[in-house]
Structure formats: C-alpha cells, structure tokens
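What follows is a short report on a single structure.
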Amino acid sequence: MSKIAVIGGGVIGGAPPHELAKLGEEVILFEKNYFGSGSTFRCATGIRAQFTDEANIRLMKYSVERWEKLEEELGFDINFKQTGYLFLATSEEEVEAFKANIRLQNRFGVPTRLIGMDEAREIVPILNTEPFLAGAWNPKDGKANPFKTLFAYLFRAKELGVDAREHTEVIGFEQEGDAITAVRFRSNGKVESVRVDAVLNAANAWAPLINEMAGLSRDIIPITAYKHQLVKTEPLEPGQAEPLVCPPSWNDAYIIQDGEDGGIICGAGIEHKAKGLDDYEPTYDFLRGVLEYAVRIAPPLRYAHVVRQWAGFYAKTPDSNPAIGRLLDNFYIAAGFSGHGFMMAPAVGEAMAGLISKGRSKVPLDWEWYDPYRFERGELRSSAFQIG
Amino acid sequence: MRLTEHPVLRFERGREVTIYFKGQPIRAYEGETIATALHAAGIRVLNYSANEKRPRGLFCAIGKCSSCLMVVNGIPNVRTCITLVEDGMRIEPQHGKARLPGEAKPPEFKEAKVVRADIVIIGGGPAGLMAAIHAADAGASVVLLDENPMLGGQLVKQTHKFFGKREQFAGVRGVEIAKILEEEVRKRENVEVFLETSAVGIFQEGGEKLVLAVRNNRELIEFRGKAVIVATGAMEKMIPFENNDLPGIYGAGAIQTLMNTYGVKPGDKVLIVGAGNVGLILAYQLIQAGVEVKAIVEAMPKVGGYFVHAAKVRRLGVPILTRHTILRAEGRDKVERAVVARLDENWRPIPGTEKTFEVDVIALAVGLRPSIELLHQAGCQIKYVRELSGHVAVRDEWMETTVRGIFVAGDSAGIEEATTAMLEGKIAGIAAALRLGIADESWLKEMEKAQKDLLEFRSGPFGRHVLEGIKKALIGGVASE
Amino acid sequence: MSEIPSYLRNGYITPEELEKFIPLPSEERLRKRPVAIPDCPQEIPCAPCREICPTGAISMPTPNDLPIVDYDKCIGCSLCVQICPGLAFFMVHYVGDRARITMPHELLPVPEKGEEVILLNRVGEPVGRGKVLTVVPREKSKGDTPILIVEVPIELAWDVRAVKVERRE
Amino acid sequence: MGGKKIVCRCNDVTVEEVEALIDSGVTDIEELKRLLRIGMGPCQGRTCVPIVLGILARKTGRSQEEIPLPKARVPIRPVRVEVIVGGADE
C-alpha cells in the first residue's frame with residue numbers, strides 16, 4: 001500500500017481517492033478552500049459524448065457508462081439524468097458538419113442522430129424552431145448534480161478511509177531528485193508535512209502553481225483561466241428544456257434545465273481572461289449577451305426571472321484538451337480540462353487511479369492524445385468542442 | 001376588511017377596478033398591489049410551495065421572500081406583493097413550480113436607458129433622502145432611486161412620533177417626516193428621483209460605477225455615477241417554529257404595509273412575537289386600526305424596545321409575556337391558533353406552560369437585519385457585528401466602504417433608528433460630494449456637526465451598544481470577540 | 001437576572017417604582033394647579049419635552065438623561081403631554097375628592113367634552129368611570145396628538161392612564 | 001399538514017434537515033447551501049441564510065463572525081429575462 005496525495009478538491013480530485021482506495025491505496029486529499037469551490041460547483045451540469053475527435057468520444061462514451069452506474073456504486077443520489085444534448089444547425093454547411101460528427105460518433109457506439117425541428121420541438125417544448133434547420137441529438141448525453149456528485153465521491157471515499165481535508169493548502173514538496181517524498185501543507189495557519197509515495201495534481205486552473213512546486217516550469221502545461229459565466233432562472237417545472245440545447249454558431253450559446261430545481265441555466269462563449277485566480281466577478285456584458293441568445297433559443301424564457309449570475313473558470317490549454325498523465329517519476333497530473341472536467345471525472349478518476357496504482361488502466365483513455373508534454377513539443381490536438 | 005377611518009392616517013384610494021381570482025371578480029383600487037386586493041377580499045392562500053405543496057400566503061410584502069408568487073395573466077412567478085393591480089387582471093394561485101407559457105415571441109434586444117449623475121443613491125428612506133438633500137446642496141448632481149411607489153421608506157408606515165431632538169424631527173410622526181423630506185428633495189433641481197426602480201447590481205466599469213436597475217418591472221436602466229450611496233434599509237428576520245410558513249403569519253413590516261399604506265386590516269386577532277420596538281410599535285398601530293392584539297411574547301426576560309412603547313400598549317390591555325416563545329402555529333390552510341410556552345433559563349420551553357391563543361394573524365417582530373446584498377455583491381468587505389444586528393459593510397468615519405466610491409447609510413449600515421439613519425445619510429451625502437471634489441471645505445464642518453449629533457444621540461444605553469458595534473465595523477476597527 | 005427592573009419585565013411602571021427614578025410632586029403641589037409628570041424611567045435619546053417647555057421646567061443635560069420636572073416652575077400648560085413622542089407625559093391635578101388627569105389619546109373615537117368614559121389603569125383593566133372635561137383635538141395640539149382631561153376619583157389618580165370610549169351603533 | 005419548522009420557504013427545507021446534514025459532518029456554509037439548495041431559490045437566501053448561519057454556529061460552537069456569508073450575486077432581486085434583454089415593454 002502506498003500513500004498518495006491528491007491536490008485539488010474539485011470533482012477531478014474528488015473522484016480518484018475513491019478509485020485509489022478501492023485499489024487498496026492510502027489517500028490524502030487536499031483542498032485549499034471548500035470542496036468544489038474551484039470549477040466543479042460553478043459548472044453547467046452537462047455530460048456528453050458528442051465530441052468531434054476519437055479520443056474524447058471514446059473517453060466520454062466510457063464516462064457516460066460509468067455515470068449510468070455511479071449512483072448505485074456510490075450509494076448516493078447524484079441526480080444523473082440522460083436528458084440528452086441537442087446541437088442545432090443554422091446553415092446547410094453546419095448540417096453537413098453535424099452529419100460528419102454523427103458518423104464519427106456512431107462509429108464508436110455513440111447513438112447520435114440527425115433530427116428535424118418537429119422532433120426537436122417535442123423534446124424541448126419551449127424551443128424556437130424557426131432559426132434552425134436540424135439537430136444533432138444524443139439521448140444518452142445528460143446531466144448530474146455537481147455538488148452531490150462530488151460529495152457522493154467524498155462520502156464514499158471517507159468510508160474507505162480516505163483522509164479528505166478542506167481549507168488545507170498545499171504549499172510545497174520535499175523531493176529527492178525528481179521524486180516527491182513529502183507534501184507540506186498549511187491549515188488554520190499551521191504548517192505540517194506528510195510523507196507520500198505519489199502525488200496527483202488535480203488543481204485545474206491552479207495546476208501550474210503546483211507544477212512549479214515540483215520544480216517544473218509553470219508553462220510546461222500552459223493553462224490559462226478564462227472566466228466563464230452562467231445565468232440561472234428561478235426554479236421551474238421540469239420538462240421544459242431538459243436537454244442541453246446549443247446552436248454552436250451562436251457563439252456556443254446554450255440553455256439547460258437544472259435537473260434538481262428546474263431552473264434554466266444559460267451559458268455562452270462570451271469569455272474573459274480572468275484577471276487572477278480569484279477573479280470571479282460576473283460582468284454586465286455577459287448578463288445581457290447570454291440572455292439575448294437564450295430568448296432566441298427558447299422565447300418563453302422571456303417570462304422567467306433570473307435569480308443569479310456567477311462565474312467559474314475554464315482552465316484552458318492551448319488545444320482545449322486536458323493534460324492527463326505522468327509528469328515526473330511519482331508526480332501525475334489531470335488538469336486543464338477546458339470546461340469538460342465534470343463530465344469526464346468518472347472516467348478520468350478511474351484511469352488515474354489505475355495509472356498511479358498499477359501503471360495501467362482499462363479505461364479507454366488515449367494517453368498519447370492527452371500527453372501532458374505535448375505542449376512542450378509543440379504538438380497540439382484538434383480543438384475539443386467546448387460546451388457545458 | 002378595508003379601513004375607512006384612522007386616528008392618524010388618511011387613505012386615498014385610486015380608481016376602482018375589477019380583478020379576477022380563479023375567475024371570480026374582486027374589487028380593487030388602482031395603486032394597490034395584487035396581494036393587498038386579495039387580502040382585502042379575505043383570500044389568504046396565494047400559492048402552494050415548490051416541493052411540498054404547502055399553502056403559502058403573503059409574508060414580507062416587499063418582494064423579497066417569494067411567498068406570494070402567483071400566475072398573473074398566464075405568466076407564472078409574479079410577486080403579487082409588489083405588482084400593482086390593473087383592471088381585468090386574471091390571477092391564479094400557483095401550484096408548485098411553474099410552467100412557462102408555450103408560445104412567445106423573442107423580445108428584441110434594446111440598448112438600456114442611461115442616466116448619469118455624480119452620485120447615485122439607492123434607497124429613498126430616511127437615510128437616502130437626507131443623503132440626497134445634502135449631496136445636492138453640496139453641489140453634486142444626484143439620482144435617487146427607490147423600489148417603492150413612494151419616497152420615505154419605512155417612515156410612511158409609522159404613525160408614531162420620533163425621538164431625538166426637535167431639529168432631528170423629534171415629536172413628528174414618521175409619516176409626516178417622510179412628507180417633509182420628500183418636499184425638500186423635490187425642491188432641488190439637481191436631484192432626479194426614480195420610483196418603482198430596483199437596483200439589481202453594481203458593476204465597476206472603468207472609473208464609473210454602474211448601478212443596474214429595473215423600473216416598473218419593465219425597463220432596464222443603467223445609472224452611471226462616480227459614487228454610490230447604498231441606503232437600502234433592512235429586512236425582517238424569521239424564526240423557525242412549527243408551521244411557521246402558514247398563511248396568516250407575517251413579518252411585522254408586511255402588516256404595517258397592509259394596514260398603514262393600503263388601509264387593509266391584516267385580520268381580527270393578532271399574536272405578536274417579539275417585544276422590541278418593532279413589535280411594540282406594531283401592537284399600538286394594530287390597536288389604532290381597530291385590531292385586537294391578544295398578546296406579545298418575548299423570549300428575553302425583559303422588554304427589548306423602549307419602555308414607553310411598552311407602556312402605551314400595556315395600558316390598552318395588551319399583555320407582554322416575557323420569557324415566552326411561540327411553539328407552533330395551528331390551522332388548516334391559514335392560522336387559527338398560536339401555541340406559546342414559557343422558557344427556562346436555558347431558553348427551553350417548559351412543558352406544561354403552553355398557552356393557546358385563538359388568533360388569525362401571527363406577527364413576527366423578531367428583529368431586523370441590514371439589507372447588504374448590493375454592498376456584498378459589489379465586493380465591499382462584509383463583517384458580522386452582533387450589535388448592529390447582522391452582517392454589515394466595513395466602513396470609515398465618512399461611511400465609505402472598502403470599495404472606494406461606495407458609501408453606506410442608515411439601517412443597511414447597522415440596525416438603529418430613523419433618526420440616526422437621517423444623520424448617517426447626511427454624513428454619507430456630504431462625504432461623497434467631498435470625496436468627488438465637488439463640495440467645498442465648508443461642508444466638512446457641516447459633516448462634523450452631524451457626526452457630533454450622532455455621538456450625542458448614541459450616548460445613552462441603547463446607543464452605547466450600537467457604538468460598540470460601530471467600533472467593530474470601522475476599517476481597522478476592533479476585532480470581534 | 002435579578003437586576004432587570006420590574007418595569008422592563010412587565011412593560012408598565014408602578015408609581016412606587018417610578019419614584020425611584022423621578023421624584024413625584026407633593027400633595028400640596030398637586031392641589032395647586034396641574035403638574036406634568038413623566039412616566040419616563042429609561043434613558044433614551046429624546047428631548048422634545050425639554051425643548052418645548054415654555055418655562056424651562058424640565059432639566060435634561062443631554063437627550064439621553066431622564067426628564068426631571070421642577071414642579072414649582074411647571075405651569076401645567078400640557079405642551080409636554082402634547083409633544084412627548086413616547087406618550088409618557090401626563091398631568092395630574094387634585095381638585096376636591098377628584099383628580100384631573102391629562103393624557104394623550106391617539107385612538108378613535110375621540111370622546112366629546114362631557115362624555116363619560118371607562119377608565120383604564122396601567123395594564124388596561126377597567127377601574128371605573130370618569131368624565132371628559134376637556135378635549136384638545138389633534139389639529140389644535142402642538143404635538144399632533146389629541147389630549148384629554150379626564151376627571152377620576154382621587155384614589156385612582158395614580159392608576160388611570162388611558163380611557164376607553166364606548167359608542168353604541 | 002405536518003408541524004414542520006421551515007427554514008427555506010423556496011425549497012421547503014426544514015430545521016431538522018439542516019441539523020442532520022451538519023451532524024453528518026458537512027459544516028461549511030457553502031456546502032450546506034449547495035447540498036440543501038438553501039439560498040438558491042427565488043428569495044435568494046434572504047430568509048433562510050441567517051437562520052442556517054445561526055444553526056451552524058450553535059451546532060459547531062463557532063461564533064457567527066467566523067462563518068463567511070455566502071456571496072450575494074447579480075441580480076440581487078429576480079429580474080424577468082425580457083427586461084434584461086430590453087424588450088419588455090413591447
């Protein structure tokens with residue numbers, strides 16, 4: 001049994017401890033704020049396999065399969081619902097692009113299909129069919145409650161003996177050569193250290209700071225925090241806009257009904273580079289901009305009341321694909337999820353546990369594709385589609 | 001249930017109109033809210049709650065608590081306590097979460113109206129009005145916005161005369177002070193007033209403060225200024241007890257609004273929870289409106305408000321049960337009874353001491369807390385200060401918060417009195433004009449006088465307690481215990 | 001908890017307790033002419049009584065001090081009763097075997113001169129009947145509060161602090 | 001109807017539910033907020049948050065000063081979407 005430190009108490013750091021504990025490892029999890037405070041609790045809840053490249057499609061197909069069983073496995077209601085993703089095309093060229101994506105997705109077993117607007121309207125009763133020609137529809141995509149998902153992992157992990165600590169900030173490592181031998185951390189103003197056999201950096205937007213503690217360059221994985229904002233309405237009756245509905249050509253704008261309280265979450269690609277890693281200030285341009293799109297997607301939304309707007313980070317890499325793998329001898333990373341961390345967490349959590357504990361995993365994760373050193377080599381992947 | 005005569009107030013009702021509740025016609029008057037008209041018609045249950053479908057009625061009457069959501073003309077989630085009646089309106093109770101109408105035209109995107117001024121003042125109660133008067137006199141252009149259809153804030157509901165010194169309006173009824181201050185504000189050409197206008201957010205845009213607001217629930221307005229004074233007052237606290245969400249349980253302020261603003265009796269028999277100034281004053285106002293007050297219960301071993309307010313209601317026969325609390329409300333769809341009990345030294349109800357009051361209204365007067373949402377949202381440092389009754393913005397002697405250019409005054413800076421709110425408003429108004437370099441140095445003296453008056457007002461046992469709190473709320477102030 | 005004065009536990013004050021805070025006038029003075037008596041035992045920031053008093057009979061170094069009436073200087077004009085925001089000022093005047101109590105009355109109906117009313121003590125209990133001798137209506141009151149002079153049996157002079165007006169419809 | 005002590009009117013959360021979650025070890029106000037959805041309904045936490053802070057302080061023996069207030073968000077009162085877009089008066 002080895003002792004593994006996981007840094008970052010979002011869902012990407014929250015899933016591996018449970019998986020590692022199942023493999024018999026001892027785990028200590030560090031979160032400098034409260035659990036989920038970084039990106040997880042700020043996400044739009046969506047889960048999809050509709051990507052445009054093989055690696056992401058295969059990873060997400062597997063992840064969705066894990067999501068389907070997660071509630072039972074963790075013994076906690078996480079409100080996972082397969083309510084689908086509906087992408088909408090506004091031009092013939094886009095319809096053709098959708099068809100190509102659908103072929104690729106079908107090839108790996110993702111059951112996306114092209115649907116007409118009548119069917120789309122049946123799925124989303126408040127949809128404006130007028131501006132759109134067709135939809136790419138995968139009923140197996142879905143959503144879950146980010147808060148409950150993370151807590152389900154943590155509760156289960158604690159039962160398996162994981163030491164999960166919040167308000168505890170990692171401040172440095174002790175190393176022998178490249179190998180990390182201990183983690184130094186601060187809690188309630190007190191500095192302590194713990195001996196470890198391996199470290200997983202799951203700090204997403206904060207990951208470069210952790211890499212630096214391990215003696216690496218901050219830019220070895222260039223992650224930039226972009227402020228992504230959401231606007232949400234008051235709770236509404238379910239069934240009005242259950243799938244994530246997105247016309248990508250409208251600046252990636254989307255709406256999705258929260259699976260828990262029924263409020264409609266509205267997002268868009270109106271992004272701002274964060275001024276710092278504490279810059280969560282919502283902006284006025286987003287508030288108006290996102291709703292301009294939202295009422296065109298679903299005009300009856302005009303009568304709903306907005307109750308809040310908030311911001312979180314898309315921790316973006318240059319190709320919008322995460323960095324997943326081993327960085328040093330016993331130092332691993334899963335970060336830079338560029339907005340996809342929540343949906344990928346079940347697969348990535350399991351894959352990382354396998355990699356760290358056994359050096360391998362049965363998860364269909366293309367290690368090559370997500371290789372953390374690819375940026376240093378100047379090898380960028382095709383940009384992953386970034387929605388919800 | 002409508003009041004026709006009152007020892008202090010005169011009710012001027014608007015044109016009579018008809019609204020329809022579940023298809024049944026109801027008489028209403030222009031200028032009153034939907035919830036008021038329904039209340040006057042004896043309707044208590046306005047909706048059934050989101051998850052458990054519990055009956056809910058009017059509670060806060062100021063658009064904050066979500067207890068009065070109804071479907072109006074087919075549109076769900078309308079806050080009927082702040083939406084005015086219109087002839088022919090169709091009103092339905094809402095059952096749980098709402099469905100949006102199936103069809104709608106997407107609204108056209110329009111640029112918002114922009115209003116510029118040196119100083120934007122949010123809240124037209126005693127603090128905001130005094131801030132506007134003094135900022136304007138010091139040379140600043142001012143916009144003053146308030147969410148209500150009238151200026152004066154809580155003053156307009158106060159039939160009692162105020163304390164302090166006569167130059168601070170002592171001996172004048174709250175409702176009269178509101179008129180005097182409004183007249184002063186209206187006289188000044190450099191003050192523009194926006195009523196029924198709610199500030200919903202403060203953004204920093206370059207060197208400018210953008211106060212985003214909504215007028216009449218319809219129009220988006222961008223108020224752009226160099227300084228902002230937040231004088232948003234207070235909101236009532238709630239306490240948990242069994243069935244505390246039953247229709248017929250109201251915040252004290254809601255009853256004052258119904259009774260003193262709209263001239264509608266809240267009910268026939270009332271139990272009041274809380275013997276602070278609000279509860280005591282409310283009891284007196286209820287008696288003035290011809291409503292029977294069965295008792296006032298107070299968990300503390302003594303009257304928390306001014307003794308003289310207690311004596312006023314005692315001599316009219318209202319018992320004050322100190323060291324008592326409410327255990328539960330009873331009733332099917334609305335309050336029919338209230339059960340109270342005596343508390344022991346550890347604040348636990350003593351079995352066997354239960355008393356039941358047959359009442360149709362339970363008024364909660366369990367304290368106010370500062371309305372700091374805008375200050376918090378705008379990024380001002382917030383601190384819990386018990387003596388000021390909740391979370392408040394940290395500020396300096398000039399009432400400027402930790403966000404430069406944002407000032408605070410009145411109850412939103414700490415629960416106190418209208419008199420101190422007026423003095424703080426004066427300080428904030430002058431301070432903002434000084435900070436912007438608009439006011440000349442002579443205004444510094446004027447501000448110092450207000451500071452001195454405040455200190456004098458606060459020199460008694462009540463004020464000393466507040467002063468302890470203010471020490472903690474000052475930038476670099478003493479640490480909390 | 002024993003240091004809580006009983007007036008704060010009960011919400012009313014007995015004349016005996018009041019006298020601990022505010023000296024009461026002598027019987028001789030009470031017979032001479034009406035005299036103002038504040039039921040005001042608590043330090044609150046309030047000064048209109050002192051400010052309005054035409055003879056300077058009320059001493060109160062700061063607004064948070066208690067009003068102490070110099071009963072010799074008091075001319076019984078009732079302005080303090082009219083202005084007091086706490087409705088805490090009363091006037092008492094002994095006349096033969098009756099006492100005349102001047103009190104604020106901010107309720108409806110306002111009784112008429114000569115009308116018989118029910119007398120209420122400090123806890124609102126009816127203790128007898130009395131006659132309204134004088135009514136100063138709201139519009140004539142210097143403090144926007146109607147005041148009444150009510151004649152009561154002398155033994156009730158220190159009990160009666162309100163009246164109930166009966167109207168049969 | 002049962003004798004529930006309602007903390008949050010928007011989502012019908014009771015005192016007992018708040019206490020049970022605190023007893024299960026969740027003592028961060030931000031986490032309580034999200035797991036119970038207190039402060040996330042149309043009243044935006046005005047009624048419930050102070051009560052929950054009080055319960056949390058009592059149950060954990062912390063003073064209210066130590067418990068950070070969950071962030072207030074734009075818009076600080078609910079606003080109809082069409083108003084924000086600008087086309088409400090059509």
Side-chain angles (χ1 to χ4, degrees), chain B residues 49-52 54-56 59-60 63-67 69 75 77 79 105-112 147 198-203 212 214 217-220 235 237-246 328 330 332 369 371-377 382-386 390-391 480-481, chain D residues 1-19 29 36-37 39-55 57-58 62-90:
Chain B
S49 68
N51 300 328
E52 307 272 328
R54 295 167 71 86
R56 293 278 166 75
F59 178 71
C60 78
K64 293 193 171 165
C65 78
S66 85
S67 203
L69 303 184
I75 296 171
N77 292 330
R79 286 171 157 68
K105 219 174 82 191
E108 287 297 314
F109 185 87
K110 266 196 238 146
E111 288 306 324
E147 14 190 56
S198 306
V200 299
I202 300 176
F203 298 91
L212 189 66
V214 175
N217 279 324
R218 284 206 173 91
E219 184 190 8
L220 194 69
M235 105 160 252
K237 290 181 187 166
M238 252 275 286
I239 47 168
F241 58 89
E242 283 180 46
N243 298 327
N244 57 346
D245 59 337
L246 202 57
R328 64 180 173 274
E330 293 180 349
R332 246 182 73 79
R369 63 187 182 88
S371 281
I372 53 145
E373 292 82 6
L374 273 172
L375 296 158
H376 195 195
Q377 173 271 320
I382 301 294
K383 190 172 179 185
Y384 181 86
V385 179
R386 188 172 43 84
H391 289 88
S480 296
E481 70 269 21
Chain D
M1 72 193 253
K4 290 192 172 173
K5 296 179 189 165
I6 299 289
V7 165
C8 156
R9 288 174 170 247
C10 302
N11 290 310
D12 293 321
V13 181
T14 64
V15 173
E16 288 71 20
E17 288 170 282
V18 175
E19 289 180 341
I29 183 68
L36 290 169
R37 307 201 82 85
M40 301 175 95
C43 93
Q44 302 171 309
R46 285 180 167 79
T47 316
C48 56
V49 166
I51 301 178
V52 176
L53 290 174
I55 298 174
R58 173 167 53 79
R62 276 185 279 174
S63 73
Q64 289 229 33
E65 287 86 345
E66 296 169 52
I67 306 172
L69 189 67
K71 179 83 177 150
R73 302 199 185 276
V74 173
I76 60 115
R77 68 151 62 222
V79 182
R80 209 173 274 166
V81 168
E82 61 182 5
V83 175
I84 297 173
V85 174
D89 40 359
E90 288 159 22

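Order of the sequence lines sets the chain letters (A, B, ...), proteins ahead of strands, with each chain counted from 1.
No other option in D:Val7, D:Val74, D:Val85 has as many heavy-atom pairs under 4.5 Å with chain B as D:Val85. For chain D, the option among B:Lys237, B:Arg328, B:Met235 with the highest count of heavy-atom pairs below 4.5 Å is B:Met235. Ranking D:Ile76, D:Ile55, D:Val79 against chain B, the residue ahead of the rest is D:Ile76, based on heavy-atom pairs under 4.5 Å. With chain B as partner, the option from D:Glu66, D:Lys71, D:Gln44 having the largest number of non-hydrogen pairs under 4.5 angstrom is D:Lys71. Listed options B:Ser198, B:Ala112, B:Gly201, B:Gly390 were ranked by heavy-atom pairs under 4.5 angstrom with chain D; first place goes to B:Ser198. Most heavy-atom pairs under 4.5 Å with chain D: of the set B:Cys60, B:Ser371, B:Gly63, this distinction falls to B:Gly63. Listed options D:Leu69, D:Leu53, D:Val15, D:Val81 were ranked by heavy-atom pairs under 4.5 angstrom with chain B; first place goes to D:Leu69. Most heavy-atom pairs under 4.5 Å with chain D: of the set B:Ser66, B:Cys65, B:Ala50, this distinction falls to B:Ser66.
Of all non-hydrogen atoms in D:Ala72 and B:His376, the two that sit nearest each other are N-ND1, 3.4 Å. Nearest approach of D:Pro78 to B:Arg79, heavy atoms of both residues: CG-NH2, 3.3 Å. What you find for B:Leu374 and B:Ala199 is that their closest heavy atoms are CD1-CB, 3.8 Å.
Look at B:Lys110 and B:Glu108 and you find no salt bridge, because none of the NZ, NE, NH1 or NH2 atoms lies under 4.0 Å from a carboxylate O. Using a 4.0 Å cut-off between charged side-chain N and carboxylate O, D:Arg77 and B:Glu373 make no salt bridge. The residues D:Glu82 and B:Arg218 are annotated as not salt-bridged, no charged nitrogen and carboxylate oxygen being separated by less than 4.0 angstrom.
At a 4.5 Å heavy-atom cutoff, the contact between B:Asn217 and chain D is made by backbone atoms alone. Both the backbone and the side chain of D:Pro42 come within less than 4.5 Å of a heavy atom in chain B. Only the backbone of D:Ile67 comes within less than 4.5 Å of a heavy atom in chain B; its side chain stays farther off. Using a 4.5 Å cut-off between heavy atoms, B:Leu212 makes no contact with chain D at all. Heavy-atom distances place both the backbone and the side chain of B:Met238 under 4.5 Å from chain D. Heavy atoms of B:Glu147 lying under 4.5 Å from chain D belong exclusively to its side chain. Neither the backbone nor the side chain of D:Pro68 comes within less than 4.5 Å of any heavy atom of chain B. Within the 4.5 angstrom heavy-atom criterion, only side-chain atoms of D:Ile51, from C-beta onward, approach chain B. Contact of B:Ile75 with chain D is made through the side chain alone, with heavy-atom distances under 4.5 Å. Heavy atoms closer than 4.5 Å to chain D are found in both the backbone and the side chain of B:Ser49. Proximity to chain B is limited to the side chain of D:Arg80, based on heavy atoms less than 4.5 angstrom apart.
For the pair B:Arg369/D:Pro50, a side-chain contact is recorded, criterion being any heavy-atom separation below 4.5 Å from C-beta on.
Remark: side-chain polar atoms of D:Asp12 are not paired, donor with acceptor, to backbone N or O of B:Arg54 under 3.5 angstrom. Checked by atom type and distance alone, the side chain of B:Gln377 pairs as donor or acceptor with a backbone atom of B:Ile202 at under 3.5 Å. In this structure, the side chain of B:Asn77 does not engage the main chain of B:Leu69 through any donor-acceptor pair within 3.5 Å.
Checking D:Glu17 against D:Thr14 by side-chain atom types alone, a donor-acceptor pair falls below 3.5 Å. No side-chain donor from either of B:Arg56 and B:Ser67 sits under 3.5 Å from a side-chain acceptor of the other.
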